[in-house]
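Please read the structure below before turning to the comments.
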Amino acid sequence: MYFAVLPQQIWFVAMVLVSGAALWRGGIPEKRVAVANVAAWFLTPLAYDRDLAGLQWGVLGVDALFLAYLLFLALTTDRLWLLFATAFQLLGIVTHVAMGVDEGVPALPYRWGLVIWSYLTLTALAVGAWVHRDHPVSTVAPSAEARR
């Protein structure tokens, strides 16, 4: 189920490239999000319900855990890109909720909405890894620099 169709294969390549770059050149938050993103990718197909047309409660659970982790990192680190990644992940949750509230939402737009938000979250990680590569965060605390 991970590589059944071309869009899944494209996602896998993009995810591996971005996550690999984040693991290679990113700081600790980028590395953590890269690992969490790969874990969410691995868990998502395992969480699918048998009814593929309705709201995917298992996928909603995986996405909610990923959102909680992104929110935690956004609140405890100094990375601006995490705010965008968290917002895009939140929009994915809103897409799930829309499907739950209105069962008339067709399955294809529901899934494409989730795909769009996932790519934007991945893009935020790519930007974070790129920015960290160009401007690594200082390891000296700001208060220590002020005392020098």
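The analysis underlying the following values was restricted to heavy atoms, covering all of them including side chains, and did not include hydrogens, waters or symmetry mates.
- Expressed to the nearest 0.5 Å, how far CD of Q89 lies from CG of L70 amounts to 6.0 Å.
- The shortest heavy-atom contact between V38 and S19 is CG2-OG, 3.8 Å.
- To the nearest 0.5 angstrom, W117 atom CH2 is 10.0 Å from L90 atom CG.
- Nearest heavy-atom pair across A47 and V62 is CB-CG2, 4.0 Å.
- By the 6.0 Å contact criterion, CZ on F88 is enclosed, its count of non-hydrogen atoms from other residues, nucleotides or ligands being greater than 12.
- Note on V16 and W24: separate hydrophobic clusters, where clusters join Ile, Leu, Val, Met, Phe, Trp and Tyr whose side-chain heavy atoms are under 4.5 Å apart, directly or indirectly.
- Taken together through direct or relayed side-chain contacts under 4.5 Å among Ile, Leu, Val, Met, Phe, Trp and Tyr, L80 and L75 form parts of separate hydrophobic clusters.
- Proximity of R32 to Y69: side-chain heavy atoms (C-beta onward) are separated by under 4.5 Å at one or more points.
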Task: Verdict with reasoning, E30 to R25, per salt bridge (charged side-chain N to carboxylate O under 4.0 Å, His left out) - done: CA-CA 9 Å; E30 290 80 17; R25 300 295 288 189; over 6 Å; no
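- For F72, there are no ring pair (Phe, Tyr, Trp, His ring centres under 6.0 Å) partners two or more places apart in sequence or in a different chain.
- Transitive grouping of hydrophobic side chains (ILVMFWY, heavy atoms separated by less than 4.5 Å) keeps F84 and L73 in distinct clusters.
- With rounding to the nearest 0.5 Å, the separation of CG in L114 from CG in D63 is 6.5 Å.
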- [ ] Go through the steps for T121 and F66 under the test side chain to side chain contact (heavy atoms under 4.5 Å, CB included), then give the verdict.
- [x] CA-CA 11 Å; T121 302; F66 189 43; 4.1 Å; yes
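- Atom-to-atom distance recorded for D49:CG and L60:CG is 10.0 Å, nearest 0.5 angstrom.
- Here the closest heavy-atom approach between residue W81 and residue A124 is recorded as CE3-O, 3.3 Å.
- The cluster map of Ile, Leu, Val, Met, Phe, Trp and Tyr, joined by side-chain heavy atoms under 4.5 Å apart, puts F12 and V18 in the same cluster.
- A22 approaches A34 most closely through the heavy-atom pair CB-CB, 3.9 Å.
- Counting heavy atoms from C-beta outward, P7 and V115 have side chains that stay 4.5 Å or more apart.
- Following chains of ILVMFWY side-chain contacts shorter than 4.5 Å, one can reach L83 starting from L120, so the two form part of one hydrophobic cluster.
- T44 OG1 to Q56 CD: the interatomic distance, rounded to the nearest 0.5 Å, is 10.5 Å.
- The shortest distance between side-chain heavy atoms of I10 and Y119 falls below 4.5 Å.
- Residues L23 and V35 are in side-chain contact: their nearest non-hydrogen atoms beyond the backbone lie under 4.5 Å apart.
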Task: Criterion side chain to side chain contact (heavy atoms under 4.5 Å, CB included) on V13 and L17, from CA distance to verdict - done: CA-CA 6 Å; V13 169; L17 290 174; 3.9 Å; yes
Open item on the list: Checking H96 against V59 for the side chain to side chain contact (heavy atoms under 4.5 Å, CB included) test, could you report, in this order, the C-alpha distance in whole Å, the side-chain angles of both residues, the deciding distance, and whether it holds?
Closed with: CA-CA 9 Å; H96 282 294; V59 177; 3.7 Å; yes
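- When only modelled atom types and interatomic distance are considered, S118 and W11 share no side-chain donor-acceptor pair under 3.5 Å.
- With values rounded to the nearest 0.5 angstrom, M15 atom CE is found 8.0 Å from L122 atom CG.
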